[in-house]
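The structure displayed is predicted, hence computed values, not measured ones. Counting starts at 1 for both ligands and their atoms, in listed order.
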Amino acid sequence: MTNVDVAIVGGGPAGSAAAYAAAERGADVVVYEKGVPRADRDRLGPDSTDAAGFLDYWLDVADLEFEDIPEDVIEQELADAEFIGPTERVSVDRTGIEADYDGFGFTFHRAKFDDWLRSRAEDAGAEYLVGTSVKSVDSELDGAHSHTLRLGDGESVTTEYLILADGPQRQVTMRVLDPLLPDGKRASELLSPPTANHIAYQEYRRFPDELFDADSMKFWWGWMPGETAYPWVFPNRDNVARVGLTMPMGMDVEAFDASEWRLLREDDEQIPSGGVYVRRLLEELYGDEYDVEADFPLVEGHGKSKSTETYPISSTRPIESPTEAGIAVVGGAMGTTSAFHEGGDHVAHRTGLLAGELAAEGRLTDYNDAWHDAIGTEIRRNVAMADVVSEYGPADWDRTIRITRKMFESSESGKIISKSNARSAAGGLKLYTQYRRAKFRYRKKNYAQIRESDYQF
Ligand SMILES: Cc1cc2nc3c(=O)[nH]c(=O)nc-3n(C[C@H](O)[C@H](O)[C@H](O)COP(=O)(O)OP(=O)(O)OC[C@H]3O[C@@H](n4cnc5c(N)ncnc54)[C@H](O)[C@@H]3O)c2cc1C
């Protein structure tokens with residue numbers, strides 16, 4: 001049996017950031033990553049996606065410098081994002097939030113980003129074992145804490161500090177936390193993957209020159225049913241775009257009026273699959289003038305396999321960790337991904353850095369305060385927005401996009417969400433008030449669904 005200072009379950013952005021921060025401070029660190037094959041990676045690696053987007057201020061939230069990210073990780077620097085409702089649209093070329101990075105944002109190759117984070121951790125001295133699953137953890141919490149991880153290869157390792165970075169499926173996280181929580185607060189109830197996660201699907205397609213918008217991300221809201229369900233197009237390099245969508249799992253098509261939603265059909269007997277939705281989106285947008293299959297071909301060498309990817313994505317509220325037990329939960333496992341815009345790499349990276357640093361310094365009990373300070377504003381804003389739009393139908397999205405356009409136009413520069421900007425649009429003040437109320441509900445860190453005081457051991 002091996003002994004380490006810090007053992008990390010999962011080698012995505014959160015786990016690798018934790019490993020880097022802990023190893024840099026001299027701790028003996030090991031990351032266990034079960035390893036996932038991809039068409040565009042020649043070895044096993046973490047469960048990455050192909051492309052992802054970052055907004056300007058997300059770099060500050062992540063505690064990353066744009067200049068430090070290797071050039072080949074970046075796909076496109078962005079000028080704007082477009083939000084398209086059933087009839088309204090708004091193009092947004094700034095976030096209105098202070099940021100060090102000068103541009104609006106960028107898209108990047110997540111598998112290359114993850115590989116870079118892994119090598120940064122290894123260069124700092126962390127051991128990153130890929131192809132090794134963590135099967136279970138036995139925790140000794142009498143007096144000094146110690147955790148024994150049982151591995152898929154039959155080996156085991158004992159550690160003082162355990163960092164759970166196993167992403168939105170949380171199979172290890174739930175098993176470790178449940179015995180420390182009372183009924184009604186169990187991690188497997190509050191963070192159960194089928195209810196706390198969305199499913200995401202994406203395809204890599206080459207766009208005709210005249211349609212490829214290299215510096216704009218696009219999101220269609222109010223086109224498909226389900227809470228924060230929407231399709232998108234993210235530009236990569238060489239006219240290749242990621243066309244994808246996210247939606248809750250287990251929806252019943254009978255619950256929706258197909259005539260209201262542009263991507264539903266009256267004869268749908270179930271909620272369409274991701275592939276059907278993508279095809280319908282492209283047909284709706286370009287089908288009159290283009291042959292979608294021939295003019296937007298799937299591009300080989302991208303994605304997990306066959307130019308497509310299907311993933312779970314956390315779409316809930318975060319939890320605090322039982323730090324007195326020497327345990328920190330980070331990134332997607334702790335539920336930091338925004339239930340509103342599904343961005344999560346920035347908060348995964350930051351929570352990982354914090355947990356790694358504090359574990360290495362023997363101060364893990366500061367972790368909950370530290371992550372609230374670092375990402376609390378971002379989380380509170382996102383969970384409040386997710387609440388406001390949770391029951392939205394197509395007309396609500398149109399109204400909100402129209403109000404956003406007016407608010408954006410009247411803000412010229414600086415903050416976009418403000419009372420005076422809201423006054424500039426009919427219905428703006430009502431929307432602004434709903435958002436403020438939702439935010440108020442989450443004051444005093446109430447956006448955390450499990451608090452440190454809930455743990456019993
Ligand atoms: C389709 C899609 C698009 C997205 N787009 C964006 C975007 O544009 N911008 C953005 O910021 N975020 C985006 N996100 C969210 C972002 O990907 C997540 O928030 C982020 O990956 C969370 O990082 P993580 O390290 O916590 O978890 P993950 O990246 O999920 O990593 C967890 C790792 O743990 C490993 N693992 C799990 N169980 C075990 C085990 N028992 N033993 C060993 N290893 C294990 C897994 O293999 C995996 O590699 C997107 C997500 C999806 C699915």
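Residue-level proximity to ligand 1 for A200 is carried by the side chain, the only part with a heavy atom below 4.0 angstrom. Contact annotation: for Q169 versus ligand 1, there are no heavy atoms closer than 4.0 Å. With a heavy-atom cut-off of 4.0 Å, I313 touches ligand 1 through its side chain alone. At a 4.0 Å heavy-atom cut-off, ligand 1 touches P312 through the backbone alone. Contact annotation: for D47 versus ligand 1, heavy atoms closer than 4.0 Å belong to both the backbone and the side chain. Of all the heavy atoms of R242, the ones lying under 4.0 Å from any atom of ligand 1 belong exclusively to the side chain. Using a 4.0 Å cut-off between heavy atoms, D166 contacts ligand 1 through both its backbone and its side chain.
A donor and an acceptor atom, one from each side chain of Y204 and E309, are located under 3.5 Å apart. For the residue pair H302/S307, the side-chain donor-acceptor check at 3.5 Å is not satisfied. Side-chain atoms of T400 and Y392 include a donor-acceptor pair closer than 3.5 Å.
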Would you tabulate the side-chain donor-acceptor contacts of residues 126-138 under 3.5 Å, counting partners in other chains and residues two or more places apart, or write 'none'?
residue : atom : partner : partner atom : Å
Y128    : OH   : G11     : O            : 2.7
D138    : OD2  : R150    : NE           : 3.3
D138    : OD2  : R150    : NH2          : 3.1

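Backbone and side-chain nitrogen or oxygen atoms of P13 are examined, and one is located within less than 3.5 angstrom of a nitrogen or oxygen of ligand 1. Ligand 1 has no N or O atom lying under 3.5 Å from any N or O atom of W232, backbone or side chain.
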